[in-house]
Amino acid sequence: MTAGKKIEERLRQSETKFRALFENMTEGVALHEVIYNDKGRAVNYRIVDVNPAYETHTGLLPAMVRGKLATEVYGTEAAPYLPIWARVAETGVPHFMEVYFAPMKKTFSIASCSPGKGWFATVFTNITEKKRFEEQLIQSEDKFRSLVEMTSDWIWEVNEKGVCTYSSPRSKSLLGYDPAELVGKSTMDFVPPEDRKEFERINGEIFRNRKPYSSLQYRCRHKNGTILTLESSGMPIFDSNGWFRGYRGSDRDITERKRTEESLEKSRDLLSRTSRMAKIGGWELDVTALTQSWTEEMFDIFEIDPPRREPKVWEGVDFCAPASKPIGEQAVRRAIEHGEPYDIEVEIITAKGHRRWARSIGRPNYENGRVKSISGTFQDITERKRAEQALSESRVQLQCILESTADGILTVDARGKVIHSNRRFAEMWHIPQPILDTGDDPAILTAVLDQLKDPDVFLRKVKQLYASEAQDMDILFFKDGRIFERYSAPLMQGGSIAGRVWSFRDITVQKQTEESLQQLNRDLEQGVKNRTLQFELANRELEAFAYSVSHDLRAPLRSIDGFSMAILEDYSDKLDSEGRDHIQRLRRASQRMATLIDELLKLYRVTSGEIHIGNVNLSLLAANILSELQAEAPLRKAEIVIAPDVIVKADPHLMLTVMENLLNNAWKFASKKKKARIEFGVAKKDGATVYYVRDNGAGFDMSFVHKLFGVFQRLHSMEDFPGNGIGLASVQRVIHRHGGRIWAVGKPDNGAAFYFTLGSGIAETKEVSS
Amino acid sequence: MKNRPILLVEDNPDDVELTLRAFKKNNIVNPIVIKHDGAEALEFLLGTTAGSALKTHQWPAIVLLDLKLPKMDGLEVLKRLRADPDTRLLPVIILTSSKHEKDVIDSYRLGANSYVRKPVSFDEFIEAVRQLGLYWLLINEPPPLKK
């Protein structure tokens, strides 16, 4: 092949390649030749060649345009864009433009270049559709933007990490931040610290779920520091590959709404608590729909637990106790049918079976002249009802009391009107029923006045009392002899005088009894005086008797003894031994009788003298007496036991008699014992102090114990143990006079014990001997 | 003293007899004037008649005065004697059956010089009279009385 051939071949091959490209390009391609006039100025251009896609973009058949002038093809006076193409063809500088080609009413993107001087090629695409889309997009974007900017909601976008990528300008007024300040920040940055944990949890959940959400409320800090409540809704964003790219959404400031809601909630709560306290329920009955709604308190009153939301229309009435049911039923029915309001009190039986009283008030609500609903309140008035009942009961009780009393009672109000009078009042004052019925106190007063002995005094007193607050008592004397005690007190109500209460008691019998009692007392006093006188006389006589005994009884005894002795002395030689013995017996008898008389007198003195109480040391007395006895009989040996420091309150002189007698006896009756023992001691028995004198001597038989303290009573023979039978009688008298008790315990040959107490209150302390 | 009489005021004849016997037994030889009641005794001592001690100035050495006497009792007699300056110092010994405390006190209060209770036993009575005589008639220095 020659070089020429080779070049030719290569050219042909290259042309083939281009041609293939040319033929297969999706863009339209057209090759043009610029046509110049003789002055070398471009005036038109010819379409030399076009590719098949040309038709697609222009709608013109390639065969129809090849070789034709532009003005012919496009039907224009001047060749379109000639200056531009001419410059391209001249300079070889490519050109690009998007242009609306009016003759075809299409928009093209056209790139042009020059393959050689005076030539140019255009590569173009019909972008009419695309252009329209673009415009529509811009338009809709504008619309959207203005919407976004006009809406009160804040529109935002965050990426998959929650970082803000877009914020609508509303953020400025809502949060105080420019959108630019928000972009790149996380919502979390604006949540108050105390809410962050919770917000993080919810936010995390949303981002995990990647689902749309709405009405999420959260709190957010405004730039100025105030806390807002926002309500947020959002949609997840996914890209064309389905990857999650974040959220887009809008937030709304509901701070105010929230505040309103809260205060509404508060006032609702207050209302609810108030009604709970007042035990007032509210209800509404829709007459047309025949549905009913209750407040919670209604359920509480009926003790329906738990409360149901849909009470039946007649449910409230159904709770009525049998006696109240017709009342409730009729009230509700008339309200429904005739629009009659009602206010009734009914007894109900709660769901738990408790009986309660309730006040039900119903008011019809009209719509277009028809009863649309009835609403009302329902209040538990059990307490009030109970109080009323108690009041009424106590009123009845009071009435009964007033009627059953023996006193006549009249209550008059401040204006002189009778509030109340009992039956007894009318009876006592003989008030005729017609006058009583007038209820006029002055009228009643007039009617009764002339029954009194001194009506003027009574009338004056009554007038005086009506003008005062005084309580007052008086005695009224009646002409018929009756005597009343009149008592009057102001009727106080709430600290002020509301009237006056008068009560009258017939004390006629009492007065008479009093009178006779006084007489009786006077008689009695006289009687006592007389008796005292008699007693004094008797005492004096006794004294005289005792004196005469001591004086006069002794004289004959002296004579007997004296003359017996005279006989023995003067006539001894004329008497045999028996005669002399008789005389001796006479003498002994008379002397013994003298001793008896003396002892009797002693006993009398013990009984009758005055008692002088003092401290008496019984231990000391016992020791003295026993040591004297020991001194009189120095040869006797006896064990003496004396409890120390036994001190009593008693008459010292009389206690000496007691101790002397008891110890003498002990000494005497223990005399025949080899190991005699005599003891004085003190013991407690039944809480009382008991003193005792005990010996281990002859003792006595308990069957004769009752004789022990009798006058002249002796349990031993004179030969064995001499004595006169007065000693223990004297001791007993002394102990009795001290309010004490004496008793003895003994056993023959085994000793005797004498116990005595000295009463706490000495019986005759104040006795004065005559 | 041995010659001056002893005035015994005693209404009981037995007692008079026994007292005289006791004097005799004790060898008391003074004359014994016996008066049976208080009035007689007063008359004897302070009477206005010629034989009274006041007139004769023959005052008894001692007066043995019983308390229980007819007409005027011993205490009354004693009171009169002590009220009179002539007999104010006259030794008066109450000789009585009474042991009544009131009598003892009243006697001494009215100015008795001694109070002796007659014992029932005659032996004791003799002894008492013996000691009385010994003391009042021999040992005791009598008060000077108006002659």
Side-chain angles (χ1 to χ4, degrees), chain A residues 539-572 583-610 612 653-654 657 724 726 769-770, chain B residues 8-27 32 34 36-38 64-70 72-78 94-107 115-130 132:
Chain A
N539 247 351
R540 235 172 276 156
E541 273 167 23
L542 196 66
E543 188 75 7
F545 170 74
Y547 185 81
S548 114
V549 165
S550 78
H551 201 269
D552 297 343
L553 285 190
R554 292 166 62 90
L557 291 175
R558 263 200 320 278
S559 294
I560 294 166
D561 190 64
F563 289 109
S564 300
M565 193 173 163
I567 291 169
L568 281 178
E569 284 173 357
D570 296 354
Y571 307 99
S572 184
I583 301 283
Q584 285 297 350
R585 283 178 191 273
L586 271 178
R587 289 197 65 198
R588 276 204 299 275
S590 59
Q591 280 168 24
R592 167 138 180 78
M593 187 164 170
T595 312
L596 288 178
I597 289 168
D598 283 350
E599 292 299 327
L600 266 182
L601 280 173
K602 233 191 257 171
L603 179 63
Y604 164 73
R605 276 190 190 107
V606 161
T607 315
S608 65
E610 208 170 322
H612 302 278
H653 188 71
L654 293 179
T657 307
N724 49 43
I726 295 288
S769 77
S770 45
Chain B
L8 175 65
V9 189
E10 173 64 71
D11 65 321
N12 185 334
D14 282 3
D15 274 354
V16 170
E17 189 58 37
L18 289 170
T19 310
L20 291 178
R21 189 177 170 87
F23 281 148
K24 206 162 86 189
K25 285 247 168 200
N26 286 310
N27 303 311
I32 312 283
I34 296 159
H36 294 99
D37 63 52
L64 297 174
L65 181 62
D66 193 5
L67 287 181
K68 207 157 177 259
L69 293 167
M72 186 190 285
D73 71 16
L75 288 175
E76 185 58 34
V77 172
L78 180 60
I94 305 295
L95 187 65
T96 177
S97 306
S98 168
K99 216 175 97 176
H100 203 269
E101 195 179 50
K102 189 176 182 303
D103 284 343
V104 180
I105 292 169
D106 285 349
S107 300
Y115 190 103
V116 177
R117 190 178 179 232
K118 293 177 214 167
V120 168
S121 161
F122 193 56
D123 300 326
E124 287 171 33
F125 186 60
I126 289 169
E127 176 59 18
V129 168
R130 189 186 68 78
L132 265 179

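Letters go in sequence order (proteins before strands), and every chain restarts at 1.
In this structure, CG on B:L8 lies 7.5 Å from CG on B:L95, to the nearest 0.5 angstrom.
With a 4.5 Å cut-off on non-hydrogen atoms, B:D123 touches chain A through its backbone and its side chain both.
Of all residues in residues 20-27 of chain B, those placing a non-hydrogen atom less than 4.5 angstrom from a non-hydrogen atom of chain A are B:R21, B:K25.
B:K118 places none of its side-chain heavy atoms less than 4.5 Å from the side chain of B:T19. Using a 4.5 Å heavy-atom cutoff, the side chains of B:V77 and B:V9 are not in contact.
Scanning all heavy atoms of the two residues, the minimum distance from B:D11 to B:L69 falls at N-CD2, 4.0 Å.
B:D106 pairs by the side chain to side chain donor-acceptor pair (under 3.5 Å) definition with B:K102, B:R109, not counting sequence neighbours.
Applying the 6.0 Å contact sphere to NE2 of B:H36 captures more than 12 heavy atoms from other residues, nucleotides or ligands.
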